[in-house]
Amino acid sequence: EKQSEMEETVEMLSDFSFKELEKRNLAITKLHITQVSTGIYGRILLHLTRKNEHQPKEGEKKSSFRDKFRKFTPGDIVGIFQSEGGGKGTDKGESADGIVYKVLRDEIIVSYNEMHDFENFKQPLNMALLANTVTYERCKQALDGIEALLGSRTSLNERVLNVLFEREHPHLMKKE
């Protein structure tokens, strides 16, 4: 399943433009670097924002990154692509893969393990959501934990798991 999702992501990046991906909430276009800083454990933090967002009319509420791009959350693996030409996704020059660190009102922060040549990236930049291997690792750890509980075979563990997997209906236990 993990492999097929990763293949689907690569296919979407090559088949659709960033504008089309943005409509599907899978990309953010027109990003500019506001700051490059060092974070915890020496990770590189890339601060990105949109410049020249249209100002809301009187009585209109200004939309934020959180409102517009709800699908982007901390821990997501994203690719930052340079805006070149009018081609489709991965045809657009150099890229750098990172992990979303924070999504603030007007800024999104992406974490990198190593320094890239961000100053020489042609701006504006595009960011696309890539397959999230972190989620798969967490699911695998959860399944391993469940498997360990099944191996211990205590009556309480077995009852809880049976209810979780709808093999039994929940009920009150009698005092023993």
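Just the heavy atoms: all of them, side chains too, but no hydrogens, waters or symmetry mates, feed the values below.
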Quick check against the 3.5 Å criterion: does Asp76 have a side-chain atom that pairs as donor or acceptor with the backbone of Thr73?
yes
Can you check whether Thr29's main-chain N or O pairs, donor with acceptor, with Glu22's side chain at less than 3.5 Å?
yes
Rounded to the nearest 0.5 Å, how far apart are CD of Gln123 and CG of Leu48?
8.0 Å
side-chain contact (heavy atoms from CB on, under 4.5 Å) evaluation trace for Val163 with His169:
CA-CA 6 Å; Val163 169; His169 292 289; over 6 Å; no
Does the side chain of His47 pick up a donor-acceptor pair with the side chain of Ser37 at under 3.5 Å?
yes
Closest approach of Tyr112 to Ile80 (non-hydrogen atoms, all atoms of both residues):
OH-CG1, 2.9 Å
When rounded to the nearest 0.5 angstrom, what distance separates CG in Leu46 from CZ in Phe118?
4.5 Å
With rounding to the nearest 0.5 Å, note down the distance linking CD in Gln35 to CG in Leu45.
8.5 Å
When rounded to the nearest 0.5 angstrom, what distance separates CG in Asn126 from CD in Gln82?
10.0 Å
Over all heavy atoms of both residues, which pair between Lys30 and Arg50 is shortest? Give the atoms and the distance, please.
O-CG, 3.5 Å
So, taking the atom named CG in Leu26 and the one named CE in Met127, what distance separates them when rounded to the nearest 0.5 Å?
11.5 Å
For Tyr101, check ring-ring contact (aromatic ring centres under 6.0 Å, His included) against everything at least two apart and list the hits.
none
Decide side-chain contact (heavy atoms from CB on, under 4.5 Å) for Val78 and Ile99; before the verdict, give the C-alpha distance in whole Å, the side-chain angles of both, and the deciding distance to 0.1 Å.
CA-CA 6 Å; Val78 294; Ile99 298 174; over 6 Å; no
Residues forming a side chain to side chain contact (heavy atoms under 4.5 Å, CB included) with Lys23, sequence neighbours excluded
none
Quick one: does NZ or CZ of Arg24 land under 6.0 Å from the six-membered ring centre of Phe16, within 45 degrees of the ring axis?
yes
If you measure from CG on Leu21 to CZ on Phe81, what distance do you get to the nearest 0.5 Å?
9.5 Å
Any side-chain donor paired with an acceptor under 3.5 Å for Thr49 and Glu107?
no
